[in-house]
Every structure is written in structure tokens, then in C-alpha cells.
Visitor: 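Dropping a structure here in C-alpha cells format, bear with me for questions.
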Amino acid sequence: MNRMQKQSQVAMGLLRAIAGFVVLILAFLIGYIFITGLPNISWKFLTSPAKAFSAGGGIGIQLFNSFYLLILAMLISLPIALGASIYLNEYAKDNWFTSTIRTAIEILSSLPSVVVGLFGFLLFVVQYNFGFSIISGALTLTIFNLPLLTRNIEEALASVADDQRQGGLGLGLSKYETIIHIVVPAALPGIISGIILCSGRVFGEAAALIYTAGQSAPALNFADWNPFNIDSPLSPLRPAETLAVHIWKINSEGIMPDLTKVSSGSAAVLVLAILIFNLSARYIGRKVFEKMTSMD
Amino acid sequence: MQNQKLAKQLMKKSKTARYERFGRLLCLSALLLIMVIVIGIIAFIATKGMSTFMKDHISMKDFFTGTIWNPGAKTPSGHAAVGALPMIVGSFLVTILAAILSTPFAIGTAVYMTEISPKRGAKILQPVTELLVGIPSVVYGFIGLSVVVPFVRNTFGGSGFGILSGTFVLFVMILPTIVSMTVDSLKSVPTYYRQASLALGATKWQTIWKVVLRAASPGILTAVVFGMARAFGEALAVQMVIGNASLMPHNLVSPASTLTSVLTAGMGNTVMGSLQNDALWSLALVLLAMSLFFNLLVHFIGKKGAFSK
Amino acid sequence: MGKVFDEEIVTLKADFMKLGAMVGEAITNAGQAFIDHDVHAAQTVVTNDHEINHLQIHIEKRSFEMIALYQPVTGDLREVVGILKAVTDLERAGDHARNIARAAISIKGKPRIGDVERIVATMAKEVSEQYNESISSYGEADQDRAKETAKRFDKVIDSHYNDIAAPSYQAMAKDPEIVNAAIIYLNVTKDLGRISDYSTNICEWTIYLATGKIIELN
Amino acid sequence: MGKVFDEEIVTLKADFMKLGAMVGEAITNAGQAFIDHDVHAAQTVVTNDHEINHLQIHIEKRSFEMIALYQPVTGDLREVVGILKAVTDLERAGDHARNIARAAISIKGKPRIGDVERIVATMAKEVSEQYNESISSYGEADQDRAKETAKRFDKVIDSHYNDIAAPSYQAMAKDPEIVNAAIIYLNVTKDLGRISDYSTNICEWTIYLATGKIIELN
Amino acid sequence: MTAPIISTNNLDLYYGDFQALHQIKLAFQENEISALIGPSGCGKSTFLRCLNRMNDMIDGVTITGAVNFRDQDIYSPQTNLVDLRKEIGMVFQQPNPFPFSVYDNITYGLRIAGVKDKQKLDEIVERSLKQAAVWDEVKDHLYDNALSFSGGQQQRICIARVLAVSPSVILMDEPTSALDPISSANIENTLLELKKDYTIIIVTHNLQQASRISDRTAFFMEGRVVEYDDTTKMFVNPDDKQTEDYVSGRFG
Amino acid sequence: MTAPIISTNNLDLYYGDFQALHQIKLAFQENEISALIGPSGCGKSTFLRCLNRMNDMIDGVTITGAVNFRDQDIYSPQTNLVDLRKEIGMVFQQPNPFPFSVYDNITYGLRIAGVKDKQKLDEIVERSLKQAAVWDEVKDHLYDNALSFSGGQQQRICIARVLAVSPSVILMDEPTSALDPISSANIENTLLELKKDYTIIIVTHNLQQASRISDRTAFFMEGRVVEYDDTTKMFVNPDDKQTEDYVSGRFG
Amino acid sequence: MRKRTLVKWILVLVVIIAGIGSYTTRSKRATNQQSITAVGSTALQPLVEAASEQYSAEHSGIFINVQGGGSGTGLSQIESGAVQMGNSDLFAQEKAGIDPQHLVDHKIAVVGVAPIVNKKVGVTRLTTSQLIAIFTGKVKNWRAVGGKNIPITLINRTQGSGTRVTFEKYALKGHSSAVAQEQDSSGTVRQIVSSTPGAVSYVSFSYINKDVQPISIDGVSPTERNVMLNHWKIWAYEHIYTNGKPTGLTKKFLNYLQTKHIQTTLFNKLGYISVKDMHYQRTWKGQLSKESGVA
Ligand SMILES: Nc1ncnc2c1ncn2[C@@H]1O[C@H](COP(=O)(O)OP(=O)(O)OP(=O)(O)O)[C@@H](O)[C@H]1O
Ligand SMILES: Nc1ncnc2c1ncn2[C@@H]1O[C@H](COP(=O)(O)OP(=O)(O)OP(=O)(O)O)[C@@H](O)[C@H]1O
Ligand SMILES: [Mg+2]
Ligand SMILES: [Mg+2]
Ligand SMILES: O=P([O-])([O-])[O-]
């Protein structure tokens, strides 16, 4: 064996060690979150409301709020992001204008979420007088989410080979029909995993919500599903502390005696939820693709 | 006649054409909406941030070079104490250090995932790194506070709060970003480069080092810049471990602060429209400018990369 | 090779076989006319020679085009090249048949040598037979039959020349009046000999077609 | 077409021209030997015919291979096919030269007809000339020259046959002793005529080579 | 000669300032296969894409001159592009079935045009796949993903997809260049069958292919038609020296 | 016949359970071009990659039998892979110059082997590029990115890159299949020049190419060598019916 | 294809049912719904939140949203009229940028603020001057004030935080603290102090727990009793500001906060001191007067 090959083997060893080390860090992180958190999770914890100053509080409402906000934010941002990315990827000409738009969108995506939160606060909470509410939170999350989602969807669209578009046009479909009936379905697996990855980020977002969806989780009447009632879980005008905000809040202001337990339990739940998102991203992406490819 | 029928058919303005215009308009309006939002935010931050200079007559020079951040108070020379330099330095330091620290790890990991053991990489490392992207920064801060700070204190001395802890936390936070983007760019290096190199008698390491990494370098650079952008904008986690003292950091374990941490911490305690508040928005403006800078950098690198392809 | 080539080669070969048949007929008819002193039949042979020439040129052209269009190799190429080459032999055999027909016309009314004519008749029949055998063996790409044919008629037809030449010479020597006829006999014999040669050539092409080998029979 | 084809076609054509030269020599020498009663020279011609046959087969085989290997089209293909076809004409012209040489051998010691021999000599020269012209025009793919050659010798050589046939018949009628010689003269004349025909064929191939058109000259 | 089904006259095309086509005048006959050949970048694809206005998509393209389809100027502003492209179908270099089932691929064009009748769709699927000579291979897998077939089968599925909307003309841009020789040969045979019912215009780099299957061949060079004639003539005895050099592989 | 430079005997190759090569016995002569032809998936590439052990990279590959290079068993454990691959260079289907300058591409193999002498490198760059018949086209752009050249030029740069390490044998896997006919012809001419100094083994789908440039042709089918002979013989009068069908395009 | 249409129909159906359902439930309940919002001080937030929960529980259809955001936010929001109640740790007059003219102050509670140290520093009591020396950075080691040899780590609340203003005003006698670590929440401060050797900071009484060591100053220990008697000087009012006189629900809720029931139960539990229990009052300028009661 010559010098070069020895060198190669040493380098390979080093790379393995680095990868191992990184795995260790990651394992530690996740392990830490789960080991400190999982023992605190119980059905009661997951369903009962939080308590401000006594032990035994749960995260039921926060959990619900997180999902509700997420769904709302996605419902609002998805059509916009889809439309925008379709325009960018399919219609827009490649000139300074579109590249400016792209840059602008990217700037938005790398803006600290605090700034977005404050903007949402001043615009939705104060200016439009939505108050600290789900709708303010959802709109702010939309702003926070749009650039990322647009980017993801655009990538998914761009990964559809041009052949497919030409195939559509060559068949006599109009451009829009080609996009809607061929490009978007073909990109669907990518779009879905993009959506779910974004969901993960939105789900874990706190800074943008502190000043918009608020930091309180008033009790909900789970028997009342009329969105116009203020104590209805569906009411868009009620304040809604999410899980991530809850973690933030009890760590900064919590005075309950079991706050470390609640906090670590919440963190574990959050990570679990994101884990489920990610797994389902893969699974649904694959399923959708299979479905689509053999629809009957 | 057949031709006439055909002509008629070819000439009629069909439903599809209207549909087409409608769809295009729909998409365009979505894009315009986003544009409005972006412009809105930028304009908003810019006006707010500029009012420190325009309305409150703080000189730019003081803002960028002053080292005392106490907008409520006056400096000995009688100006309001809005020296943002400590935060700017702090932000840069943690960002650059985190990038310097993560890059080799990220590249090593990414190389492992694509070149050495793709199977294991895809099975274990990829989902885990993706998971890490989604962990809320509060949780990172929390773990930073209970693990990293004591570790730094015990290993490097000081209170444990400071640039170094910030660096460590950011290191983990931006690692997944850099890793996954680096993996993407390594994967986009065609297999035939590797084959060509091996066929020329190169060892695996030579192939990785001289060809794969080199070919992927624009992508890797972009990944690092993206990681840095993320680090730069990160607030909650850093805030919990960096110490948050608007002091010029004199070493890596002395409390320092970043633009975002000061911005986030201060916002609630100031009154809209006051100098204290305006000064915070100026910090946001600096962040925005940095964001822009990083983006342009990414584009520049991307273009360079594209050119060499 | 694609469908079209296969179809075209069938057509080409059919044309070739048709040419072969036409020439075969010309040979038989010319021989018969000569023997029967049938000027009319002979004239038909002469007239038909035009058609043979046309068909030959068509086949040549088409084979050439097929090579250019389909770039055949191996067996396919041999099919085409075989035809491209053998078609000349057919045409020339046809020419000789025409010569015999002309001879039949020109001998008309001249003094004859019965004995010689009988031998010429035998020879004509054999040559015709050989020719037909050769063409058939080509049509079937049957190299064994081709070899057999070439061998079978080789000596036979050569010997006829002597059978005809000797009495002709004698007759001429005896009777100068007969010179014209004798020379015609000799020429016809030569023509028949050439046709036999061309038949042998066709047998050679048959072998080539089947094996790819260019050999000289006899 | 690649380099190799271009090199090979040059070689092939050189071989073809060499064959042409060999046959040309055979024709000239056979004619000369006949006139000079030079049995030895005639024998050489007969012997050399083998070589001609060999070279012909080689050229045929090689053209065929070149078509298979290089799949030429248009002009390239005409080059190869032209050679593939014309090589047969050369070989057959060679055969007839050999026949003349054999005639020269067999006429040796037999009574002669001086007048006829003179005409045969003239004819042999002209045929030889025509042949050489044809080959040259082929070598240069000069269709004008080919046409001109075919035209120039067409009538001339046909007329010689009569020039020879008439005195021969007379001589035979006069002197039965002379029959053998006369028939040989007639055969040689026929051979020369055939060579002339083959020369015309070569001219036709020249035109084909230059234009891609298959025509019948004369 | 009967009236051509498609013809162009004085067709000029510019990409920005660069003139890619110069005064193209070609006429294509019904039920023939016409091949377009020529060196890379000579404008074959550009020309082909003019015939069903696929070039319209590209920025900065300027087209002057006439392209007539059955005496109808397809570049007149009134032309309904969608219907035009149904009349003049296109098959591409890379087999590009949509990532759906074979059945959906074939019926896509129709369903989007509003055809719903399942029985009719079934019939068309069978007919088109048979015409494209791929029915036997896919009939038991109609609901499998079209991408799960081999390249050659995919390309024939793409052809069937075009046939399903019953075009008059099929444009093909190097439809076999991504395929191995056996698949290519299958496609070629399919084209020869299709010729009975359709007019086919095919761009190919494979001169043998052009010579094997086409009735007419147009030789392009630097955006001009150098020669356009019967394929036999083009390969046996072209008029132009450049054509001769090109078809005999004497490039450059 | 002189001793072959590379020969295989009883070569079997398995991908997992699937046997891709069966008892391959071939011998390649020095300074010849040998072509490997056969239908897609018949094992041509697999076989070619056995000759410089590029298959070693793949998981689950089992190889038995002998591959000898100048009487040395290259699968013996003592074989130094790096040296072997310098002796037996390889050119791939896709022109794949590294995204560096032409100069860096050509000197890559030498530099990884430790050659540093600038003057020597310069010399080798010039020589290899000249041998690969691309010197004139790139000599003024040696420091430009190799990817900025045309496909055909790129492929010749790749050939030069292999030549720079002075191999004895060059393996090529469909080196022109991604190129247009003119570029392919240029590569073919280059190969014919190289033959004087190198032994070339080339996989090609283009039968015309095999017939035009190779001295010998091996016809593979389903992992077996059906026939291996002089190219002329293979295209004029092959022994095997399958070979005849394949070379005459009568597939399937 | 067919499946897709099915899904579409199901969606339409769901929307219709939801619409009908919500209309019917709405008609029954929506009549007397009301909601108000309180924003601001994080220190007051737990109290108001707990009270609002109880209030809502007692009065159906009433919602009182309580948000943090900090005193600055509370004041600027109430000033702009965006919310009904603005919570603040500070007098509006103390806050830069606020025009207190139209604001009406409701002092809800008093909170005491105490210095806390890490348990390991070995100090439980300090004099005021020692405290000032520590917080102005003149003393750098606990040894100097009788503790162990551990360097002092100062931890501040964010500038502008009510807790910090109170601490600097009454504990440091107006000296401003040296520039040091700042944390923007009491919870974090407590956690950092509990885990950082040598750390010192200050939190309101509600955050004091067993993890940290509260400090007696000049012999006075930080107890509610001492605050009521003003022995412990470091305390501040928790204000709810209204923009103009409170009306309607706001008024009712403010009154509710003053009820004995709330003041005796919630206040104690959360560590707030009822204003009524105070023996002294203080103006925003710090002037003391010995009287109790609501302002
Ligand atoms: N979208 C475009 N913008 C600008 N120039 C273009 C564009 N498409 C093609 N061209 C140019 O037009 C010319 C003709 O291109 P075209 O694609 O029609 O060539 P082609 O004959 O199809 O070549 P190939 O055989 O490589 O496919 C080329 O010079 C090409 O560079
Ligand atoms: N890495 C692999 N793992 C498993 N099977 C493989 C692998 N590579 C090739 N094969 C199989 O081995 C057989 C031979 O493949 P190979 O690539 O050698 O064929 P080929 O003759 O080069 O075909 P082509 O002309 O398409 O390049 C094929 O059946 C293929 O599916
Ligand atoms: Mg093209
Ligand atoms: Mg292969
Ligand atoms: O109550 P605070 O203002 O100190 O958060």
C-alpha cells in the first residue's frame, strides 16, 4: 500500500469520526429532550389546560392552538405560495425584475422572526385591531412562512423536467392547464414534503407569535364549535398561546413549581410532533405519488 | 368544406384561453401580494429604523462606532448613548465563529452521508438533521442554558455566558442547515466525476478532496452563507446563553450581545416612538441590511458557481 | 434491418427472379426458334430483349439505392450485392439468347447441316436446363444444387462444342456453300457456351449468397 | 466518411486500376502475339490470366467488405459499386484476351490469310486503344471522355467484323484448308468485339460513377 | 403532387438578434415521413417547433413568413393554439410520459378537453396503444406508472398519447436519440405503420434512420435548407455538394 | 498471433444473486481497437469495468475467473489498484471533464500521483492534448474551464486526461453516444490515430461505429460472448446466426 | 378522477353542516358576549390572568384577554387606545415617551423586589452600600462582602424593565447598575442565578423560590410584611392604566380585582401584596405618605 492509500484511509477514518461525533451531538440533543421530557408526558398532560401558578398543569389548549394556528396559517399561505411560485417558475421571464423578487423573498425568509413578529404585531394587532388573536398569529405566520414555502414549492416545480411541460403543450393543453394538470401533480410529492417541512418550522416558531397570537391560553369550550363564539376552539379572534410560546413563556416568566417538568415535557411533545411531521412528509409524499400514478 | 371547418375551429377564441388568462392573473396576484408584504416590511423597518437618525438626530457614526448602548441615557459628551458596535461585533463574532466551527463538521458529515456510507446516511443522519431544523429555538436556548453554559464555565472559565456559548449553540443550530444543503450540493456532483477520478488512479480521499468537494464548493459556500444568515438572525436561543450584555466582548467567555438578542429583549420594555424604541428598530434595520448582504453574497457565489459549470 | 428493407428485398428478389425467368424464356425460345427455323418466334425474342435490359437497369438501380438507404450488412448485403452482380450475368445471358434468335433469323433459307442442328438442339436444351437450374438454385440460395448444377453441365457443354465444330468444319470443307450456316452454328454454339458460363456464374453467386465466399466454379 | 474509408477507397481504386492495366496489357499483348505469331508471348498472356482472376476476386471481396464496414452512400457508394460492377467487365475482357492468346497459339503453323490478319491487327490496336481510353476515363471519372470514347469506337469496331468476315468466308470457300484459320480469325474478331463491348461497359460505369445514372451507351 | 398538408414560405426566425432560420420554404405531403437532418445547431428543432408554434413560449423570438397548415396560416393572431397543437402533435427527444398511469397518460389530453365517457376513453386508449405498437406490452399494466416501463416503451406510450388526441401531423424531435438501437428500431417500425394514417415530420441526427424510414429529407445548414428531396435521391445522388458530404459522413 | 495485452478467462460476475457475466473468455491484442457490442443490459459495461476493476466500487459484486494484464492477474490481492488504473485508463459515456481548467484536468492524474515539476506537466499537457487531437482548439484556452467547450471537445479533453497518465490500454464506454455525429466522427478519427500507440477497447451501441473503427468485435448477449472475431468477418459473414441478426439490425 | 370529485363533495358537505351548526349554536349564545384585553407588564400578567380566568368562569360569555409584552408595550398600547387595560410596573410618568395625561392609574397591587444570589456565594445579608458597590461593579468578589472567594457575576434585567427601574431607584438609591448581562425575564434571571456560581440579581417576590438565596438588606429581610410597613423599601406598584375613566366591562373587572375575595386568595398565592394592606403610599416621584387604600 502506498502513501496515498494510507492517507486516504486516515482521511476516511477522520470523516467517519466527524460523522460519528455529529451523530453523538444529535443523539445527545434528542436524547436530552426525550429523557427529560418523556417521563412528564401523560394523557392528562396532553389534554388538561395549563396552570399559571400551581403544579399539575397540562398543555392541552396549547397543543390544540398549535395545530389550529398551523392549519390556518397553511390554509392562508398555501394558495398564495402556490400561486406565486407558479408565476415565478412558469410564467415569469428571467430578468432583473424576477431576480429582484426572488431576492426580496429570500430576504424575507432570512429575516429574524422577531422582526416579522413585531411587524405582525404593529400591523395586525394594533393597526387592524385584530388584537392578540389566532388570526393575527396566522397572518404573521403566513408572512413568516410564505417565503420558505414559496421557495420550497418553486423548487419542487423546478424539479419537474421541462419535458413534461412540453409534453403537455404538445398535447394541446394550454399553459395553465399544463401547469395545473401536469406540472403541479408531478411536483406534488415535493410540494407535500415542502409543506410538511415548513409545518415543522411553523410549529416550532415562538418569536413571531409572542406579540401576535399572544401568550395566554384562555379556557376553551370544546363543546362549542361555532367559530363566531369567542370561547369556541375555532374562534379566530381569541388569543392563543402555542406550545412553542408556552415553552418560552414558562421559562421566562413561569412561577409554577413544576415548570421544568412542564417545559421539558412540552419540548418533548413538540419534538415528537415535528418528528411525526417529518415521517409523514416522507410517507405521504410517497403515498401521494403512488396514488397519483395509479389513479383509478 | 373540411378546411373551412378547421379554420373556424382554429380561429375561435376558446374557453381555455380565458381560463389561461384568469389562471395567470391569479398567480400573478399571489406573487404581487408577497411583493407587497416584502416591500411593506422593508419599508416599515426602514422608516422605523431610520427615524433614529432622522427624527432623533443620532449620528450614524455614533451608532456604528459607539460602544455604549443605553438609549435612555446620555454619553458624557451629551449625546444619547446608542452605540451599536458591541452588538454588531457580537453578532458577527458568534456568526463567524459558529460558521467556522460548523463548516468542517457539516462538510465531514455531508461527505460521510454521500460518499462513504450513503445508506446509513440516508437512514439515520438525514432524518435526524431534518428533525433538528424543526426544533424550536427556545428549546435550543433552554438546553444551551442547562448544558452548554455550565460546560463552558467549567471548561473555559468565566460565567459561562458569552460568545463561546453562543457559538456552541449556534453551531448545533446551523449544523443541520449546512449539512442538508451541503449534501444537496454533493449529491448534485455527477457520479461520473468520481468515476473519472478513480479511473485515473486517484484514491477515494483524493477523489473527494480534489474533485467532489471542489466541484461542490460553490454549493458548499452557499450552504455556509445560508447557515450564517440563520445564525445572524437567531434570537431566542442566543439570547439565553450569550449573556446579553451590551459590552464590547473582550474575550470569548465574557458576556456579550447580538443585534437580535438586544432587539428582542428590549422591544417590550420600550414605548413605541420613543428614542429607545427607534434605536431598537435601527438594529432591526441593520439586520435587514445584513440579510440583504448575505443574500447578495449567496447569489454572487451561486452565479460564480453556475459560471464554472 | 427494418420492415421496409425486408419488404423491399423481397420485391427486388422477385424482380430478379422475374428477369431470370424472362431470360430463361428467351434462351429456351431462341433455341427452339433456331431449331424450328421459326423466324417469328426468334423476332419476339429479339424484341423482348429490350424489356430485359430495362428490367436489368431497374434492378441495378434499385439494389444500389437499397444499399444507400438501408446500409445492409452480412446476409442482407449479400442478397443485394448478389443480385447487383448476377443481374449482369442474366442480362448478358439474355444478350446471347438474342444473338441466337438473330442467328435463327439470319440462317433462315440458308443450306443446313441436319446432324449439326440436332446436336445444337441438344445443346440448347441442356444449356437452357442448366440456366434454369442455376436460377432456381439462386432463388433458393441452395449452394449444393448450384455446385451440382455447375459440375453436371461443365464437361457436357464443353464437349458439345467439339461435337458441333468438327462436323461443321468438315461440312464447310466439303461444301463452301455451307460456310455461312456452319459459322452460324459455331456462333450459336459459342453463344450457348457463354450462356452456360453465365449460368455457372449465377451458381457462383448462389454460393456467395449462401456462404459469403467468392469462388470460381469449374 | 472517416479517414479509413478514404484511405481504403484509394487502395481499392488503385487495385482496380492495376487490374485495368493488367487486362489492358493482356489485350495488347494477346493482339500483338496473334499478329506476330508469337506463341511464347501468347502463352504468357494465358498464364497471367490467373493473376487477373485473383485480383478480380480480391477487389470484389474488398468492395463488398467496404460496403459492409463503412456503409457508404452517394459518391462513396458509387465508387465502390462502380468498381464492384466494372471489375467483372475487366475480368471478362481479360478472359477474351486470353482467348485471343489461345487463338494465337492454336493458329501457329496453320495456313494464314495475310489480308485478314492485317485487318485483325488494326482492329486489335483499336480495341486496345478503346480499352485503355475507357480505363483512363474511369480512373479520372471523366464522363465526357467516356462518352466520347464509346461513341468514337462504336461504328469503327463493328465495321471491322464485316471487313474480316467477308474475306474469311471467301477464303474458306476457296480453300477448305484455310477453314481453321478463318474460323480462328472470326473468333478473334468476336473476342475483340466483346472486349470493345466491355470497354463500352466501363465507359457506362464511368458515367455512373460521375453522375449516378445507369445508361446504355450505343 | 397533391397540396401539401403543411408548408412554410419565407420563414425567418430570430432569437433576439440572432437569426436562426433563413427563408425556409418547405412543403410536407400528407401520409409521408419527412426527415430533417443537419449539423447540430443548424435550426432543425427550431424549425420543427415553428410548425406547432412551440417557439411562442420562448422570450425574444421573432418569426416572419408563413406557416400554413391545410392552407391556414397558423401564425395568424386568431389561431387557437390549443386546437392547433391537437392537430399537430409533438413527440420529444426524451421519452416524457407524465408520472401517472399509462391509462391516464393516454387519456389526459382528452379528459382535459372534457371527454368523460369511460367507454370511449377505453376504446381510444386501446386504439392509440395499438397504433403505437405498444399495446401488447402494456395491456396488462394499464394502471401502472408509465415511468416503470423501458425507455423505448415509454417513447411509444408518448406517441400513443399524441395519437389519442387524433392529430393530423406528428412532429418528432430526435425521438430515438435517447434510446438503445433495439428500442429505436421498434420506434422506427411504429412510425412506418403510422405513416398510413398520419403525416410525420422527424428531426434526426441518425442519418441511417433518416434514410431507412423517411420519404423525403430536408438538409439544413446554418439555418437554411440546403436541399430537400426524395430521401432516395438525397442518399444516392444529392444535387448539392454539401448535402453529399453531410450524408456521406464527411463532416467538417 | 502475439500474446494479448489483456485477456480474461472463465470470468463470471454476479451482482448479488444475478449473474451478469458468464464465463467470458476474450483476449485483446496490443495496438488494436476492439469493440464490444450487444443489446442493452447484455453486460458490455460490466465486462469493461472488470478490466480496470471499476466494479470493485459496487456493493455485492462477486467476480470469479481471471483477468490478466500482461500476464499479471489484476484481481490478485497484491494488485495496486491505483497503478492498475493508470495502466488501464477509462473514458466514459458522458464527457465528464472536471469542472476545472483544461490544464488542471489534464494534469489531475499526474498531480495526484505526486508529479509537481511544472515544466514536465506543461509538456505532458501539450503532448496529450495533441494526441487527443484537440490541442489546436484549446491551446489558447488552457486555463478556461473545461466545461466551457463543446461536448466533442470535452470528450477529447477527457481522452487527453487519460493519455496524460500514459496508460497502455484505454477502456471506453460508449464514448460518443452523447455526442452529435460530427463530434463523434472527430472522436473516431482520434481513436484511429491513438491506435498506433495504445490498445483501445470500446463499448458502442453504434454498430456503424464498431464496423468503421474497430479491428475486432465481440458480440455479447445475456452476459455471454456469442462471437468474437475480426470486425470484417463479423460484419460480412459472422459465424453465428444471432450475431448476423444483431449486426444486420434484425433485433427482437 | 372519481375519487377527487368525491373528496370535493365531502368537503362541500362538511362546510354546509358546519355552517348550519354554527348558525344554530350562535343564535342561542352569541347575545351577551363581550371581551376586553389587558396588555403589558409581565410581572403583573400572572395575577391579571388568574383573575380573568376566575372572572370568566363566574360570568359566562365574558372574556378578558391578558397578554404580556412588557410595561412599555402596556403603556404605549393603552395610550394609543388599542386595548382596554395597560399593565405596567411603572408609573406612566416614569416611562419615557408616554404622555400620561389621559391615562388613569389603577394601582392593583404592590410587589416587592429582592436581590437574589446563587446559594453558594455564602452571603445572605448585605448593607445598602455593599449592594450599591456590588451592582456598580466596585466590588468584584464575594469575599469582599464576607462571602466565599467567588467572583461576582452581575445579572440585570433588561433596561426599561419595571423590576430594574424599581431596583435601581430604591435599592441602589438611583445609581444605575453597571453594564452587565441582561435578561428580559424574571424566570430566566432566576434560573441563571440558581445555576451560575457567584451570580447576583433581583426579582420580584413571586419568583423567589428555594433555588435562589434572597438577601436581607441592612438587616431587613424581604418579606411581604416588611413591604407593607415600608421597612423593605424596594417595592413598586403594579398599575393597570385605562385610557380615561374605565367603563363597562373594564370597570367591572377592575372592581372585581379590588374585591376582598380576590385580594385575599389570589394575591397571596401569587406573592402580590394588596394595596389595601400597605401602610404607606408612594407617588411616582418616590414621596412617601403614610396612608393606605386604593389610589
Ligand atoms: N432559446 C434560444 N435562444 C437563443 N438561441 C437559441 C435558442 N434555441 C436555439 N438557439 C440557437 O438557434 C440555433 C438553432 O438551434 P436548434 O436547437 O434549432 O438547432 P438544432 O438543429 O436542433 O440542433 P441540435 O441538433 O443540436 O438539436 C442554434 O445556434 C442555437 O444556439
Ligand atoms: N450495480 C448493479 N447492480 C445490479 N445489477 C446490475 C448493476 N449494474 C448492472 N446490472 C445488471 O447487469 C446487467 C448488465 O449490465 P451492463 O450495464 O453491463 O449492461 P450493458 O451491456 O452495458 O448495457 P447498456 O448497453 O444499456 O449500457 C444488466 O442486466 C443490469 O441490469
Ligand atoms: Mg435539436
Ligand atoms: Mg453500458
Ligand atoms: O415586569 P417587568 O417589566 O420587569 O417585566
Side-chain angles (χ1 to χ4, degrees), chain B residues 107 110-125 181-223 300-309, chain F residues 45 48-49 51-59 80-101 104-115 144-148 154-155 157-167 169-173 178:
Chain B
I107 292 176
V111 166
Y112 180 84
M113 284 167 72
T114 54
E115 311 293 320
I116 299 179
S117 185
K119 262 192 216 136
R120 222 175 296 165
K123 224 187 256 154
I124 305 170
L125 276 158
M181 287 181 69
T182 304
V183 165
D184 285 346
S185 72
L186 289 181
K187 272 190 185 154
S188 73
V189 174
T191 338
Y192 51 65
Y193 284 162
R194 298 177 180 86
Q195 291 183 339
S197 172
L198 291 175
L200 282 170
T203 61
K204 192 153 184 168
W205 168 243
Q206 285 174 321
T207 302
I208 292 171
W209 180 246
K210 302 213 165 174
V211 178
V212 180
L213 287 180
R214 192 165 162 189
S217 54
I220 295 174
L221 259 177
T222 310
F300 181 71
I301 292 168
K303 241 184 223 134
K304 263 273 166 90
F307 184 68
S308 72
K309 280 263 153 79
Chain F
S45 302
L48 194 75
R49 298 157 60 89
L51 302 182
N52 70 342
R53 293 189 56 180
M54 285 292 276
N55 280 332
D56 285 21
M57 302 202 316
I58 301 165
D59 292 343
N80 181 331
L81 263 193
V82 171
D83 291 346
L84 173 75
R85 294 200 181 131
K86 273 179 197 146
E87 279 294 324
I88 306 180
M90 190 152 191
V91 174
F92 300 83
Q93 179 167 10
Q94 211 65 33
N96 60 351
F98 301 128
F100 323 143
S101 70
D104 285 353
N105 263 280
I106 309 296
T107 54
Y108 180 85
L110 294 162
R111 285 209 278 213
I112 55 171
V115 178
D144 288 5
N145 192 321
L147 293 171
S148 64
Q154 286 185 24
Q155 194 62 296
I157 290 171
C158 291
I159 294 173
R161 182 174 66 183
V162 169
L163 298 181
V165 295
S166 311
V169 179
I170 306 172
L171 310 178
M172 302 189 152
D173 197 348

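A, B, ... follow the sequence lines: proteins, then strands. Residue 1 opens every chain.
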Visitor: Compare every heavy atom of F:F92 with every heavy atom of B:A199, then report the nearest pair and how far apart it is.
Guide: CB-CZ, 4.0 Å
Visitor: Could you check if a side-chain atom of F:V82 sits within less than 4.5 angstrom of a side-chain atom of B:Q206, using non-hydrogen atoms only?
Guide: no
Visitor: Salt bridge (Lys or Arg N to Asp or Glu O under 4.0 Å) with F:D173: which residues, sequence neighbours excluded?
Guide: none
Visitor: When heavy-atom pairs shorter than 4.5 Å are enumerated against chain B, which of F:K86, F:M54, F:R49, F:Q94 gives the highest number?
Guide: F:M54
Visitor: Can you confirm if the NZ or CZ of B:R214 lies within 45° of the ring axis of F:F100 and under 6.0 Å from the centre of its six-membered ring?
Guide: yes
Visitor: Nearest 0.5 Å please: distance from the OH atom of B:Y192 over to the CE atom of F:M90.
Guide: 15.0 Å
Visitor: Is chain B contacted by the side chain of F:P167, its backbone, both, or neither, given a heavy-atom distance below 4.5 Å?
Guide: neither
Visitor: Tell me, side chain or backbone of F:R161 under 4.5 Å from chain B's heavy atoms, or both, or neither?
Guide: both
Visitor: Which bit of F:L81 comes within less than 4.5 Å of chain B, counting heavy atoms only: side chain, backbone, both or neither?
Guide: neither
Visitor: Considering non-hydrogen atoms only, spot the tightest contact between B:Y193 and F:P97 and give its length.
Guide: CE2-O, 3.0 Å
Visitor: Measure F:D59 against the heavy atoms of chain B and call it side chain, backbone, both or neither at under 4.5 Å.
Guide: side chain
Visitor: Check B:L200 against F:I112 and note the closest heavy-atom contact, atom names and distance.
Guide: O-CD1, 4.2 Å
Visitor: Using heavy-atom distances under 4.5 Å, tell me whether F:Y108 contacts chain B through its side chain, its backbone, both, or neither.
Guide: side chain
